[in-house]
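One-based numbering, in listed order, for ligands and for the atoms of each. Residue numbers run from 1 in the order of the sequence given.
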Amino acid sequence: MVNPMTELALRGAIYTLVADPFLNAASDCVVYEPDGCILIREGVIREVGAYADLRGKLPDDIELRHYPDAILMPGFVDAHIHYPQVEIIGSYGAQLLEWLNKYTFPAEARFVDDDHARRIADFFIDELHRNGTTAASVFCTSAPGSVDAIFEAAQRFNMLLLAGKMMMDSHAPANLVDTAQSSYDDSKALIERWHRRGRCLYSVTPRFALTSSPRQLELAGALMREYSDVRLQSHISEYRAEVARAAELYPERKNYTDIYEHYGLLDERAIYGHGIHLSEGELRRFHETGAKIAHCPTSNFFIGSGLFDIAKTKNEARPVTVGLGTDVGGGTSFSMLQTMSEAYKMAQLRGISLTATQCWYLATLGSAEALGLAEEVGSLQQGCDADIIVLDPRATPLLELRADVAESLDELLFALMICADDRAIAATYVAGERVYERDPST
Ligand code: GUN
Ligand code: ZN
């Protein structure tokens, strides 16, 4: 898939996070280069630094693309998203369990049709790129063909994608449930077919404890033991009625987290969506085992699930790694900019003002760390994959007016993450190839 011709240099301002600003001084976390240069070969960042320092090292015949008015940033990493739910985004009036039954399950049932799956998968990948998202952790449906469709679509762009077949054998409609054994067999076949094929990575994907029998969770744990570097994605403690139902279904377990831990599903390869209602003891187990949380604010507001407490979750005494997810179609936007804006507002409601640095971290390096991908993506450092976005801070009249009075980079980046959206993404590069350009004619 890698285009052998790809040697390319990008020039422009460069902004990247290199460490976690929740745990380190901001000045140790940010690298900013007002006139920078990124040298890319075979999809990888070979050199990055000031243009003045690098220009002498560039091969004479290299293609140099100059973005004088833009900021080059790492592509966004969406830590939690459901591609089969694209069509039901913005569905009215239901909270989690009703929303699943009324909108989500019927939409997911349509993915037994491979043509439908391919059509939505192609749309979905294009939409990610239009929004500057270059890597994502994606839930499919219980139909194995839905996994083939999304990996095939991602592979066309050599895009880093984690995905997995939804395992769900209980308390869901008959046209969607699998069995414990079929979910194991299908997941295993998909791992063999897709894991580490190009930039595809497999995530074992039990939907959540409410739709899995004990035997299915046991077999999910077996897959995690058999394949030492596949990931795991699921949901936890999103909504109070869900937490209560989990306790009813698994009365012998101490709490929701203990259900997953008991079946071998809580370790550094695991990422759980939401985690809004986790107790201090559960957060401690997340910290101790290295399990991660995907914070999905647009979804939490929209479905009415509750206010995630990011300060508590990242408590320096026992920090849990947190990434940022859109959770489309419970979430209401593909834009990680909009998602950062909602994360800021949610923290405000808890009396905490996240900094711009913290929010940009969550959407890039934080999500990469939460998915165990920080060596590859989430920052613009030598040796990382060349997943890069070109951000236009003056993309709309309002942003232009706002940028004119911004007195610092921090102020500019903060206003951008609050007010900008897909219109600010001027171009998106995946593994060194431009996969999206906002104004191809200009
Ligand atoms: N919990 C279990 N499944 C889902 C889902 O599809 N979306 C959300 N937001 N929460 C879930
Ligand atoms: Zn979800």
Side-chain angles (χ1 to χ4, degrees), residues 78-91 93-111 120 124 136-143 146 150 162-173 176-178 183 203-212 216-217 220 231-246 249 256 259-260 265 270-278 292-308 322-334 339 342 346 367 370-371:
D78 190 334
H80 184 116
I81 185 165
H82 299 252
Y83 98 84
Q85 297 176 12
V86 175
E87 284 179 303
I88 55 141
I89 193 168
S91 288
Q95 298 205 331
L96 181 65
L97 301 178
E98 189 196 350
W99 176 83
L100 285 172
N101 283 313
K102 193 166 165 184
Y103 301 114
T104 313
F105 292 159
E108 291 190 7
R110 298 179 61 192
F111 283 71
I120 301 294
F124 176 86
S137 189
V138 181
F139 289 71
C140 304
T141 74
S142 50
S146 71
I150 197 69
L162 288 144
K165 182 205 116 71
M166 201 79 100
M167 302 171 79
M168 47 190 299
D169 68 346
S170 317
H171 311 295
L176 216 49
V177 289
D178 49 23
S183 73
S203 272
V204 174
T205 308
R207 173 168 227 127
F208 63 164
L210 274 62
T211 49
S212 283
Q216 185 166 61
L217 294 183
R231 312 298 208 272
L232 180 127
Q233 59 181 353
S234 187
H235 298 86
I236 195 166
S237 269
E238 176 178 2
Y239 185 60
R240 290 216 181 271
E242 171 210 356
V243 179
R245 184 80 183 122
L249 290 170
Y256 203 159
I259 300 173
Y260 293 129
L265 305 177
I271 181 162
Y272 286 89
H274 309 293
I276 296 171
H277 306 288
L278 294 173
K292 321 291 199 296
I293 290 176
H295 173 32
C296 306
T298 74
S299 168
N300 301 157
F301 278 129
F302 181 68
I303 303 184
S305 304
L307 303 179
F308 180 67
V322 175
L324 196 62
T326 59
D327 197 28
V328 164
T332 51
S333 172
F334 273 78
T339 307
E342 300 305 298
M346 190 172 287
S367 283
L371 298 170

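Of the possible donor and acceptor atoms, none in the side chain of Arg231 sits under 3.5 Å from a partner among the backbone N and O of Ile271. The backbone N or O of Ala163 lies less than 3.5 Å from no partner atom in the side chain of Thr205, so there is not a single donor-acceptor pair. A donor-acceptor pair under 3.5 Å links the side-chain atoms of Thr298 to the main chain of Thr332, judged by distance alone. With hydrogens and angles disregarded, no donor-acceptor distance shorter than 3.5 Å links the side chain of Ser203 to the backbone of Gly164. Using modelled atom types, no side-chain atom of Tyr256 and backbone atom of Gly275 make a donor-acceptor pair closer than 3.5 Å. The backbone N or O of Gly329 sits less than 3.5 Å from a side-chain atom of Gln85, completing a donor-acceptor pair. No donor-acceptor pair closer than 3.5 Å links the side chain of Glu98 to the backbone N or O of Ala94.
Interface atoms of ligand 1 facing Leu96, defined by a heavy-atom separation under 4.0 Å, are 8 (C), 10 (N), 11 (C). Contact atoms of ligand 1 toward Leu100: 3 (N), 4 (C), 5 (C), 6 (O) (distance under 4.0 Å to a heavy atom of the residue). Within the listing of ligand 1, atoms 1 (N), 2 (C) sit less than 4.0 angstrom from a heavy atom of Phe208.
Where the criterion is an N or O separation shorter than 3.5 Å, residue side chain and backbone included, Asp327 meets it with respect to ligand 1. Below 3.5 Å of separation, one finds an N or O of Gln85 facing an N or O of ligand 1.
Of the listed residues (Ser146, Ser183, Cys140), just one forms a side chain to side chain contact (heavy atoms under 4.5 Å, CB included) with Lys165, and that residue is Ser183. Among Tyr83, Phe105, Phe124, the one residue that satisfies the ring-ring contact (aromatic ring centres under 6.0 Å, His included) test with Phe111 is Tyr83.
Protein atoms of type N/O/S that fall under 2.8 Å from the Zn ion (ligand 2) number 4 in this view.
The protein heavy-atom contact nearest to atom 3 (N) of ligand 1 is Arg207 NE, 2.8 Å. With hydrogens left out, the protein atom closest to atom 10 (N) of ligand 1 is Glu238 OE1, 2.6 Å, a heavy atom. In terms of protein heavy-atom proximity, atom 1 (N) of ligand 1 is closest to His235 CG, 3.5 Å.
Contact annotation for Leu210 and ligand 1: no heavy atom of the residue comes within less than 4.0 Å of the ligand. At a heavy-atom distance under 4.0 Å, only side-chain atoms of Trp99, from C-beta outward, approach ligand 1. Proximity of His82 to ligand 1, defined as any heavy-atom pair under 4.0 Å, is confined to the side chain (atoms from C-beta onward).
Shown here are the salt bridge (charged side-chain N to carboxylate O under 4.0 Å, His left out) partners of Glu108, two or more places apart in sequence or in another chain: Arg207.
Under the 30°/60° scheme for interplanar angles, the aromatic rings of His80 and His235 are found to stand perpendicular.
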Take Ser142 and Asp178, measure what side chain to side chain donor-acceptor pair (under 3.5 Å) needs, and give me the verdict at the end.
CA-CA 7 Å; Ser142 50; Asp178 49 23; 5.5 Å; no
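Judged by the shortest distance from any of its heavy atoms, His274 lies inside the 4.0 Å radius around the atoms of ligand 1.
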